[in-house]
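The next block holds one structure in the form of structure tokens; read it before the comments.
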Amino acid sequence: MRRSIVPLCFFPILFGHKLNDRFMSQPKQPTNYGALSTLVTVFFFWGFIAAGNSVFIPFCKNYFHLDQFQSQLIDFAFYLAYYIGALFLFAYGIFGGQDLVGKWGYKKSIIYGLLFSSLGAAAMIMAVNGNTFTGMLIGLFIVALGFSLQQTSAQPFAISLGDPSTGDTRVNLGGGVNSLGTTIGPLVVALALFGSASSVCDYEIQNLPLSKVIGLYIFVGILFIAAATLFGTSKKVPAGINSEKPEKAGRAFSAMLVITGLLIITFIPVFSSYRSEGVKKIEQIESTIAVEKGKISQLECDALKQTGEVRTATYAQIEDIKKTFQAKSDEIGAIKGPMERQRLMWLLLALAVIVIGLPLCNKIASKKKEGWGAMQYPQLVLGMLGIFVYVGVEVAIGSNLGELLKQAEFGGYKSSEIAPFVAMYWGSLMIGRWAGAVGAFNLSESRKRLFTFITPLVAFGVVLLLTKLAGHNIEILYWYIVCVLLQIGTFFLSRNNPARTLLLFSLFGVVAMTIGILTTGKIAIYAFLSGGLACSIMWPSIFSLSVAGLGKYTTQGSAFLIMMILGGAIIPPVQGKLADVVGIHHSFFIAILCFAYLALFAYLVKGILSKQGINYESASTGGGH
């Protein structure tokens, strides 16, 4: 049987296996194309908003004068909502005795999710109008909370809109639309923030009007409401009610609550430190040199428009101004250094809560299985860590890319100039996923090989075309095709096997990130962008390996995996604070660790499944490619 998970949809519940069993003896069902066309519109929203955050982050950093950690709170708020939403739905199933989404039906759940997201869009509009960063975080949290409900329903709904044997094709169609949204999102958000593809100096960002951001979220909010109306009034869209009872796992739920509590404890000192006496002292010192810093920012903007001796003279003038307040800068550094290291320590403790806590739960569950449900299986718990680091590294690379590109050794790009690179990073995920979708179609082996080679190149061309149409210069991205060709080679080596695919693409990620850290300039940029190529097909491989052999706990195991989208809320802020301490370039070392764990998981899980009598070498899993 072939399963397929939509990467970046983030809420596949894997009802496909149950639907297949139920309808195997029945005649083939025709696909409900009317309902399917309505459904795939919401897939686009998820990718559009999530990837657009990668441009919004550097904008907010300049506009609100944030450090790198604070700018990553956009991801923290957005992906935390997925975790909270999944935890709430799991709790309802445990204590209510029924799956809430199944009770409402897939149709109503998506409608409620869209309406909730529209409330988030309204909150974003009010926050932007009030010029408050905290309000924006709340707005994004509400939008994403609505997404969590939509995405919980979307995959099983897509599978149910036709014959179960072709469910993966419909899911892959949604995934393709989702990936298109991740490519277009950064380009459209950049236009909304900066007004055009023309260069805007970072110093000038704080003076930009936010009216277009308000306009963007008014438009997005209207689209949410329109999609909800379309779902509600469409007679072609079935209710999709599911009355299956969830498996009991009270101890597992209690363990997740303890982990949640420990995470809260570790983050409180970090947030409270931004209101400490040390911060107030830094603000007082900075207020005395604000005029000089303003002059430097203006001169840096001027220098970017100059050439030759004029530019050299401007940079010399900047250095002269810096010397006038060097003593005060040293004083700020003396206060900030210990404070930043202490913040990093607490964030690393938060990471340790997950990395140590989950295996500890499995160890306890292996001795006394009652009440632990799916968490008694080691492949599931290791897979939870896998999803955690996969989502975390995928989001962290995209979100920290803008700050990296601002550094002189990486081109010194302004925030208004990074959209083509961010679009190519998220487009890299589309490139891999389009290639991965080839395996979902009934093609001869020779045609599969042909399309596996051609499809990524076509997708690469689509990303370039969209970026060009948005008014950006794409010449620097032409030679990125070499990285795409390397990914194609990795596809052929993986042989459509989930463990082998995950291992090879994880090693691809390790090598790419290592090259990125050891080099600068175009080679390093290409290496970091290749993180998107490495991540592109990991979700289905991790997912299928993690739920293999879970039997009646498969759906519950899927819910646990979904909770680990929490990685998108934890790892980007950790990298952001690491960047505040060691610099943005070397902060990407955390990406190497993430890819290394995924390679380790791919290696270990084969042995674990083999001991359980599961031979995944011969399994046909399909989700990857």
Side-chain angles (χ1 to χ4, degrees), residues 44-82 113-147 181-182 184-198 200-228 271 274 395 398-399 402-403 414-419 422 470 568-569 572-573 576:
F44 181 86
F45 292 147
W46 310 331
F48 180 92
I49 299 295
N53 287 343
S54 296
V55 174
F56 199 51
I57 285 169
F59 172 86
C60 287
K61 182 178 181 181
N62 286 284
Y63 192 87
F64 293 104
H65 307 290
L66 309 173
D67 65 23
Q68 191 62 14
F69 165 78
Q70 289 173 307
S71 71
Q72 299 302 304
L73 292 180
I74 290 174
D75 283 332
F76 176 80
F78 192 78
Y79 291 98
L80 180 64
Y82 283 92
L114 285 165
L115 292 176
F116 207 83
S117 292
S118 68
L119 292 177
M124 275 292 290
I125 293 166
M126 290 187 288
V128 173
N129 193 51
N131 208 33
T132 165
F133 181 63
T134 302
M136 291 182 185
L137 296 180
I138 294 171
L140 284 172
F141 180 87
I142 297 172
V143 169
L145 206 56
F147 282 2
T182 65
I184 294 175
L187 300 172
V188 174
V189 171
L191 288 172
L193 293 174
F194 306 114
S196 69
S198 61
V200 177
C201 180
D202 286 352
Y203 176 67
E204 298 168 340
I205 286 177
Q206 56 193 296
N207 298 317
L208 288 175
L210 295 180
S211 57
K212 290 195 176 181
V213 179
I214 294 174
L216 174 65
Y217 273 92
I218 288 175
F219 179 68
V220 167
I222 290 172
L223 285 180
F224 286 149
I225 294 172
F271 292 138
Y274 282 92
V395 176
S399 297
E403 183 65 20
K414 298 183 275 294
S415 296
S416 61
E417 297 174 322
I418 67 168
V422 174

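Heavy-atom basis, side chains included; hydrogens, waters and symmetry copies ignored. Residues take their numbers from the sequence shown, with the count starting at 1.
- The distance from atom CG of Leu140 to atom OH of Tyr217, rounded to the nearest 0.5 Å, is 5.0 Å.
- Considering only residues two or more places apart in sequence or on other chains, Ile142 meets the side-chain contact (heavy atoms from CB on, under 4.5 Å) condition with Phe116, Leu119, Ala123, Ile138.
- By the side-chain hydrogen bond (donor to acceptor under 3.5 Å, both in side chains) test, Asn129 pairs with no residue at all, sequence neighbours left out.
- The list of salt bridge (charged side-chain N to carboxylate O under 4.0 Å, His left out) pairs with a residue in residues 45-63, not counting sequence neighbours, reads Lys61-Glu403.
- For the side-chain contact (heavy atoms from CB on, under 4.5 Å) test, residues two or more places apart in sequence or in another chain that qualify with Leu80 are Phe76, Tyr83, Ile84, Phe141, Leu566, Ala569.
- Considering every non-hydrogen atom in both Leu191 and Ala470, the closest pair reads CD2-O, 4.2 Å.
- For the side-chain hydrogen bond (donor to acceptor under 3.5 Å, both in side chains) test, no residue two or more places apart in sequence or in another chain qualifies with Asn53.
- Of all non-hydrogen atoms in Val143 and Gly120, the two that sit nearest each other are CG2-C, 3.5 Å.
- Phe44 is linked by a ring-ring contact (aromatic ring centres under 6.0 Å, His included) to Phe48, counting only residues two or more places apart in sequence or in another chain.
- Distance check: Leu73 CG to Met136 CE gives 13.5 Å after rounding to the nearest 0.5 Å.
- For the pair Ala144 and Ala81, the tightest heavy-atom approach, listed with the atom from each and the gap, is CB-CB, 3.6 Å.
- Heavy-atom minimum distance, Pro186 versus Ala419: O-CB, 4.1 Å.
- In this structure, the side chains of Val189 and Phe59 stay at 4.5 Å or more apart for every pair of heavy atoms.
- Residues meeting the side-chain contact (heavy atoms from CB on, under 4.5 Å) test with Asp67, sequence neighbours left out: Phe69, Gln70, Tyr274, Glu340, Arg343, Lys577, Asp580.
- Between Ile225 and Leu114 there is no side-chain heavy-atom pair separated by less than 4.5 Å.
- In Phe219, the CZ atom is not crowded: 12 or fewer heavy atoms of neighbouring residues, nucleotides or ligands sit closer than 6.0 Å.
- For Ser71, there are no side-chain hydrogen bond (donor to acceptor under 3.5 Å, both in side chains) partners at least two apart in sequence or on another chain.
- In this view, Pro58 and Ser415, Ile418 satisfy the side-chain contact (heavy atoms from CB on, under 4.5 Å) rule, not counting sequence neighbours.
- Every residue meeting the ring-ring contact (aromatic ring centres under 6.0 Å, His included) condition with Phe78, not counting sequence neighbours, appears here in chain and number order: Tyr82.
- For the pair Phe64 and Asn131, the minimum side-chain heavy-atom distance is below 4.5 Å.
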